Amino acid sequence: MTEADIVEGVSLEAIVSLAKRRGFVFPSAEIYGGFAASYDYGPLGVEMKRQIRELWWQAMVRERDDIVGIESSIITNSKVWEASGHLDTFHDPMTDCLNCQARLRSDQIEENTCPECGSVGRFTEAREFNLMLKTNVGPVVDASSVAYLRPETAQGMFINFENVQQSTRKRLPFGIAQIGKSFRNEITTKQFIFRTREFEQMEMEFFCDPQDPFDWHTYWKKERLRWYYRLGVNPDRLRLRDHNPEELSHYSKATSDIEVHYQWGWGELEGIAHRGEYDLSAHAAHSGKSLSYFDPDRNEHIIPHVVEPAVGVDRVMLMLLSDAYAEETLENGDQRTVLHFAPDVAPAEVAVLPLSRNEKLGPTARRVYDVVRPRFRSQYDDAQSIGRRYRRQDEIGTPLAVTVDFDTIDDDAVTIRDRDTMKQTRVSISELPEVLNQHLVAMRPHIPEYDEIDV
Ligand code: ATP
């Protein structure tokens, strides 16, 4: 697939519409006219989100012995945000269009032209706008009760560095990972779930010895790309982009973004930042606690450096929907919309479908469903014609359908249909779980080895 094919492919509207129609993502508070850039995840969306988190946790924590997890609180002592630099430097420049009153980020205006109404050069002076959402904790609303909803999960790892290191006795290099909600009072929120004010992050702080000759920044760029290949994303849809020096955040020594080709062009999916010793030093200076690491070999205290891969769950989901979506014409001329999800990210892996809604077939099909349900994310559907039900399962990306027909009652066998090839295989119910598993494994994407990845 070339860049042009991707751009010309599917519209964002088609994805938003499918996401709502089938229960992936709904606009929030729709019955009250909605709420800007807030979305609720429906029954299928929530299954997918869980899978994304689970696959990240699996790769980042469970499959490794050098990373551990935490869950830190969303609202905490405001001094954390003073030390991290968020109170002073976490702003975006905001401007208003004098013609249409659109509120815009002045650093995103191209050629001095309003993206909403097209008027040229008619903007208010840009003013800095802090992106943290503010609240008050406790019954008294005054300066002493001000608190912030965290704009990133990363600081939870830095403020717990000592607790984690001492309780786990981990030696460098080691990482601390967390998945959780973050909040930013974004000025512009467009493009569906790409940029919202409430979102979920998966972040990992990898602490290493500044004298370690190994290049951990490059290592994490490769590992994170491997993770996306594991999710089945078309590699042509991803690219790495190094930040140039003027783009770097206040804490960063070097940052590379993994970008995705979304419907509107390339956009950030994940940031991989080399944060140096910025965060631990800043918290040590503000708290008066020494956040160093004692190196028993060198017999000295050192301040570790940090490499951080950070990504939003919602952006991964949008990428997967965009990448998997296809409208196809079948050999018999029928049209279908299909999500070509890798089995691990599909909301359902298997659908059990009786050939028709029928007194005789129903109990047999339910018995098959009982065999499948504990082992696979699955659905049961007996409404309308079988053809329609295949289309419905294709549209939500279910890799395999198990059809129960009248012969099943006699031969105790069912038919497995593959979403992508549409090939059908007859298999006995006693072997069904094993055969389904073999099919799903065969549909899993190939994951290149670390050394095969060029960054
Ligand atoms: P952007 O430049 O798009 O605003 P950022 O560079 O500020 O993003 P980071 O602070 O690096 O983002 O956050 C890490 C990740 O968290 C991002 O790569 C993105 O996947 C996700 N993320 C950040 N802001 C949002 C948001 N408003 N909505 C959804 N996801 C977000």
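Indexing begins at 1, ligand by ligand and atom by atom, following the structure's order. Predicted model only: the values in this text are computed from it and were never measured.
With 3.5 Å as the limit, one finds a donor-acceptor pair spanning the side chains of Glu203 and Thr153. Judged purely by distance below 3.5 Å, without hydrogens or angles, the side chains of Asp96 and Thr124 never pair a donor atom with an acceptor atom.
Within a 6.0 Å radius of CZ in Arg241, more than 12 heavy atoms belonging to other residues, nucleotides or ligands are found.
Here the two rings, on Phe183 and Phe199, have centers that are 6.0 Å apart or farther. For Tyr219 and Tyr450, the ring centers are positioned less than 6.0 Å apart. Taking the six-membered ring for Trp and the full ring otherwise, Phe214 and Trp216 have centroids separated by under 6.0 Å.
Contact residues for ligand 1 (protein heavy atom closer than 4.0 angstrom to any ligand atom): Arg184, Glu186, Phe194, Arg195, Thr196, Phe199, Gln201, Glu268, Leu269, Glu270, Gly271, Ala310, Val311, Gly312, Arg315.
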